[in-house]
Every structure is written in C-alpha cells, then in structure tokens.
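Data block below; observations after.
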Amino acid sequence: MTPLDELLEIERRLWRNDADIYAATYLPEAVLIYVDTAVEAIRGENAAGRHWAEVSFSAETAVEIAAGTCLLAYHADARWNDQPTAEAVDCLTVYVKRDGRWRVAAHQQTGNP
C-alpha cells in the first residue's frame, strides 16, 4: 500500500465522524483549533443524529516532506445526513509517523463554494 493509499484510508475513517477515531488519530498537540473541542463537537453531532451520509475524494496527492512526515491534500464533496446537497471543501493534512502508525499533526479545511 502506498503512503497515499494509507493516508486516504485514514481520512475516510475520520470522515465517519466518530469521536473515538478522532481522539485516537490526532496527536494531543495537533493544530486543529483544539483537538478536545473538535472531539466534543463530534460527540454532540452524533448525539443529535448528525453524520456524514456520503463523501467522495478527488485530486488526492501525498508528498513525503521528511522521513516519517507526509502532507496529504485532496478535495472532498461531503453531505450531512440532514442536508440535501453536498458541501465542497479542500483539505490539507500533515501526518507524522509515531510508534509505527500515522497520526494527524495538523489539518485545515477550506470551503470551496
């Protein structure tokens, strides 16, 4: 499996909107507003019955920027279960390999109307 395939699989799991997956995947010091805040927000969405009904990726690319550090960029079209249309976002995630597994060090999503 290529690094691109491996990292995209992790991203697909993150789009399942599961707080436990986020907590296990993001480094405690990850740059993403605040990891604890994001995990709690996901738990609130789950409690309200909100989840991503569908997501598709395109324009995927991964670049190894240093040993054990990869930058993943892709476009996502994702639709919440309570929305009729998908949202378009461009995503950029920095992964670092810690203890033999990829962990998120930073993530940025930008809306793309």
Please tell me if the side chains of L14 and V104 come closer than 4.5 Å, counting only heavy atoms from C-beta onward. yes
I'd like to check Y95 versus P3 (side-chain heavy atoms, cut-off strictly below 4.5 Å). Are they in contact? no
Can you confirm whether F57 sits close enough to L8 that some side-chain heavy atom of one is under 4.5 Å from a side-chain heavy atom of the other? yes
Quick one, D18 with R43, criterion salt bridge (Lys or Arg N to Asp or Glu O under 4.0 Å). Give me CA distance, side-chain angles, the key distance, then yes/no. CA-CA 8 Å; D18 183 315; R43 286 196 172 107; over 6 Å; no
Could you see if L92 belongs to whatever hydrophobic cluster contains V89? Use Ile, Leu, Val, Met, Phe, Trp, Tyr and a side-chain cutoff under 4.5 Å. no
What verdict does the side-chain contact (heavy atoms from CB on, under 4.5 Å) test give for D90 and Q109, after you've listed the backbone C-alpha separation in whole Å, the side-chain angles of each residue and the deciding distance to 0.1 Å? CA-CA 6 Å; D90 292 316; Q109 262 181 224; over 6 Å; no
Check the side chains of E64 and T69 for a donor-acceptor pair under 3.5 angstrom, ignoring hydrogens and angles. no
Give, for atom CZ of R12 and atom CD1 of I10, the distance between the pair rounded to the nearest 0.5 Å. 11.5 Å
Give a yes or no answer on whether the side chain of R103 reaches the backbone of Y26 with a donor-acceptor pair at less than 3.5 Å. yes
Distance (rounded to the nearest 0.5 Å) between E9 CD and E6 CD: 9.5 Å
Are L71 and L7 co-members of a hydrophobic cluster defined by side-chain heavy atoms under 4.5 Å apart? no
Mind checking whether V94 and Y22 sit in one hydrophobic cluster, side chains of I, L, V, M, F, W, Y counted as touching below 4.5 Å? no
Main-chain N/O of W102 paired to R98 side chain as donor or acceptor, under 3.5 Å: no
Strictly distance-based, threshold 3.5 Å: is any side-chain N or O of T25 a donor or acceptor partner for the main-chain N or O of I21? yes
Are the side chains of L4 and T61 in touch, meaning some heavy atoms are under 4.5 Å apart? no
Check for me, please, whether V63 and L72 land in the same ILVMFWY cluster - side-chain distances under 4.5 Å, paths through other members count. no
In Å, rounded to the nearest 0.5 Å, how long is the span from SG of C91 to CD of Q108? 9.0 Å
Within the 3.5 Å criterion, strictly below it, is a donor on S58 or H75 matched to an acceptor on the partner's side chain? no
Could I get the full list of side chain to side chain contact (heavy atoms under 4.5 Å, CB included) partners for N17, not counting sequence neighbours? I42, E45, N46, W52, W80
Looking at residues at least two apart in the chain, or sitting in another chain, which of them share a side chain to side chain contact (heavy atoms under 4.5 Å, CB included) with A24? R101
Atom CZ of R79 and atom CD of E87: how far apart are they, to the nearest 0.5 Å? 11.0 Å
